[in-house]
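Below is one structure, written out as structure tokens; comments come after it.
Along the sequence shown, residues carry numbers from 1.
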Amino acid sequence: MTLLSLLLAQAVVQAPAVSPASPAFPPADTTKLSLVLVQTVSETDPQPLCPQPNCTSMFLGHYKDAVVLAGPALPTEFTARIEMGSPWNKPYRLALIVEQRDGQEPLVRAETGFNVRTGEGCFEFKQTGPLNWHPTGEGFYWQRQVLCLKDPTFTPVMLRP
């Protein structure tokens, strides 16, 4: 194999995942949205959202240790569809906005992780703005138009300078 073909193969493997140009789901029902802290378990059953080979898929995310901060209750262990390029490579602590849909699997409408130095996580406005959902309660706060929270299980990680 030539060096050029190896470089081309590597470029194909490292292609970033792309989302479909138009939203795959109807607008969210804000009465069915929950803000929840979770621990990821696994992501299975990928369903591609477009025909390109590097297109994102709707995975069936498996979550545990769920703590609902706002919205309707969820069980401490649940599954929900989540758009991803590939499964997580290890368990993560996340904050999710999950929509419970009648007759369908719950759907993750937004997600954020937590900063390893501060324990803070903020959703991106491009995910939450279109939801037009403005929950109130304890355990989270609004920073301008961005929904943020601190992971209550946070333990600082010492990183080398």
Are [Y] and [X] linked, directly or through intermediate hydrophobic residues, by side-chain heavy-atom contacts shorter than 4.5 Å (ILVMFWY only)?
X: Phe78; Y: Val108; result: yes
X: Leu35; Y: Val67; result: yes
X: Val36; Y: Trp88; result: yes
X: Val98; Y: Tyr92; result: yes
X: Val38; Y: Phe123; result: no

[X] versus [Y], closest heavy-atom pair with distance:
X: Leu37; Y: Pro152; result: CD1-CD, 3.4 Å
X: Leu149; Y: Gly139; result: CB-O, 3.4 Å
X: Pro26; Y: Arg109; result: O-NH2, 2.8 Å
X: Lys32; Y: Asp102; result: NZ-OD2, 2.5 Å
X: Pro135; Y: Trp142; result: O-NE1, 3.3 Å
X: Val116; Y: Phe154; result: O-CE1, 3.4 Å

Checklist entry - Given the rule in the side chain to side chain contact (heavy atoms under 4.5 Å, CB included) test, do Tyr63 and Leu96 qualify, once you have shown the distances and angles that lead to the verdict? => result CA-CA 10 Å; Tyr63 305 101; Leu96 306 175; 3.9 Å; yes
Interatomic spacing from [atom1] in [X] to [atom2] in [Y] - rounded to 0.5 Å:
X: Arg101; Y: Phe25; atom1: CZ; atom2: CZ; value: 5.5 Å
X: Glu99; Y: Leu131; atom1: CD; atom2: CG; value: 8.5 Å
X: Leu69; Y: Ser34; atom1: CG; atom2: OG; value: 10.0 Å
X: Leu107; Y: Asp29; atom1: CG; atom2: CG; value: 12.0 Å
X: Leu147; Y: His134; atom1: CG; atom2: NE2; value: 10.5 Å
X: Thr56; Y: Met84; atom1: OG1; atom2: CE; value: 10.5 Å

Item to check | Residues Phe114, Thr153; criterion side chain to side chain contact (heavy atoms under 4.5 Å, CB included); working and verdict | outcome: CA-CA 11 Å; Phe114 295 96; Thr153 66; over 6 Å; no
Item to check | Verdict with supporting geometry, Thr79 and Glu105, side chain to side chain contact (heavy atoms under 4.5 Å, CB included) | outcome: CA-CA 8 Å; Thr79 59; Glu105 296 158 321; 5.6 Å; no
Item to check | By side chain to side chain contact (heavy atoms under 4.5 Å, CB included) - contacts of Gln39 (at least two apart) | outcome: Lys64, Asp65, Pro91, Arg93
Checklist entry - Does Glu124 reach the main-chain N or O of Ala110 with its side chain, forming a donor-acceptor pair under 3.5 Å? => result no
Item to check | Side chain Ser42, main chain His62, donor-acceptor under 3.5 Å | outcome: no
Next on the checklist: Atom CD of residue position Gln145 - does it have more than 12 heavy atoms of other residues, nucleotides or ligands inside 6.0 Å?
Outcome noted: no
Next on the checklist: In the structure I gave you, are the side-chain heavy atoms of Leu60 and Arg81 within less than 4.5 Å of one another anywhere?
Outcome noted: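 When only atoms from C-beta onward are counted, Arg81 and Leu60 do touch, with a gap below 4.5 Å.
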